[in-house]
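All residue numbers in this chain count up from 1 along the given sequence. Computation of the quantities below employed the complete heavy-atom set of this structure, encompassing side-chain atoms and omitting hydrogens, waters and symmetry-equivalent molecules. Just so it is clear, the structure is predicted and the values come from calculations on it, not from any experiment.
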Amino acid sequence: MTRGPRIVLLGLLLGAAACVHAQERPMLRHSTDAELWLSAGLEWKPFAKKSGQVYERKFYRRFRVLGEVGYRGNENLTSSKLVYTMAGLRYRLTDFLRVGAEYRYNFRDRYTSNSHRVDVQALVTVKKGRFDLDYRPSFQHDFVAPVRYRTLFRNRLAVEYDVPRCRFDPHVSVESFTALHHTGNRLIGLRYEVGTGTALDKKKRHRVELAVRYDRELGLPSPKHRWIFAIAYQHEVKKR
């Protein structure tokens, strides 16, 4: 077994363990909400090969700059939760492994202070026939007052299927959220997703994603369960 499938298998085991552990915890009284998430992203290869140039440095070929703006609404889609901007970097180490970092700034409502955070992540992708397996571990730190968990380890596993002669490829995923704290690490959330996506042009520079997510907070006072309806648009400025 090569290194890529081994890492994805490890992600499967971690995700399964998180789900089992979550079922062992006592259920607390929770509230349920519906949220709408909208986003538009940009991926750019800043060091494009010049016209007539034969050789391109490997770093330039594998390096990407990312940008995104997004909106999130809650209270059953009737109220604005936040607007955010994100900037990031990504580098492809191998055919199946990418690493990156992101910075996000959140503009919240007038009753809540704005916040910002950083993420460091890896993405392992393995293709098996018409299936794409993605495993994404990430480390997230929010720069907020220490009245809630600020540092999280996120563990996401996704499977996408390439349907023959169909423009829309369905996918499913599960993600766990583990709080890292001096009093002990603990699982505080699970997110399940089903969705689809398609390219809007032949060169696949424009893409749209549609998804429904179910978010569950675990082991927190007054935990929330969320139904999330997500629409995302992605534009790639320069194909490799």
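His171 has its ring centre no less than 6.0 Å from the ring centre of Tyr161.
Within the structure, ring-ring contact (aromatic ring centres under 6.0 Å, His included) contacts touching residues 99-123 (residues at least two apart or in different chains) are Tyr103-His116, Tyr105-Phe107, His116-Phe143.
Using a 4.5 Å heavy-atom threshold, the side chains of Asp33 and Asn74 count as touching. At a threshold of 4.5 Å between non-hydrogen side-chain atoms, the residues Tyr71 and Ser80 count as touching. Annotation: side chain of Val174 is not in contact with side chain of Asn155 (no heavy-atom distance under 4.5 Å).
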Residues Asp134, Thr125; criterion side-chain hydrogen bond (donor to acceptor under 3.5 Å, both in side chains); working and verdict | CA-CA 5 Å; Asp134 291 342; Thr125 302; 3.0 Å; yes
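Heavy atoms of other residues, nucleotides or ligands lying less than 6.0 angstrom from NZ of Lys81 number more than 12.
Screening Arg213, Arg216, Arg136 against Glu175 for a salt bridge (charged side-chain N to carboxylate O under 4.0 Å, His left out) leaves a single residue, Arg136.
Atom OG of Ser115 sits about 4.0 Å away from atom CZ of Arg108, to the nearest 0.5 Å. Going from atom CD of Glu43 over to atom CD of Glu68 covers 11.5 Å, rounded to the nearest 0.5 Å. Note that the CG atom of Leu42 and the CG atom of Leu66 stand 8.5 Å from one another [nearest 0.5 Å].
For the pair Arg154 and Phe177, the NZ or CZ position fails the cation-pi test of under 6.0 Å to the six-membered ring centre and within 45 degrees of the ring normal.
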Please tabulate, one pair per line, all N/O donor-acceptor pairs under 3.5 Å involving side-chain atoms of residues 226-234, not counting sequence neighbours.
from	atom 1	to	atom 2	distance (Å)
Arg226	NE	Glu35	OE2	3.0
Arg226	NH2	Glu217	OE2	3.3
Tyr233	OH	His206	ND1	2.5

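Val99 is connected to Phe96 through a chain of hydrophobic side-chain contacts under 4.5 Å among Ile, Leu, Val, Met, Phe, Trp and Tyr, so both are in one cluster.
Remark: Arg207 engages Glu209 in a salt bridge, criterion side-chain N to carboxylate O under 4.0 Å.
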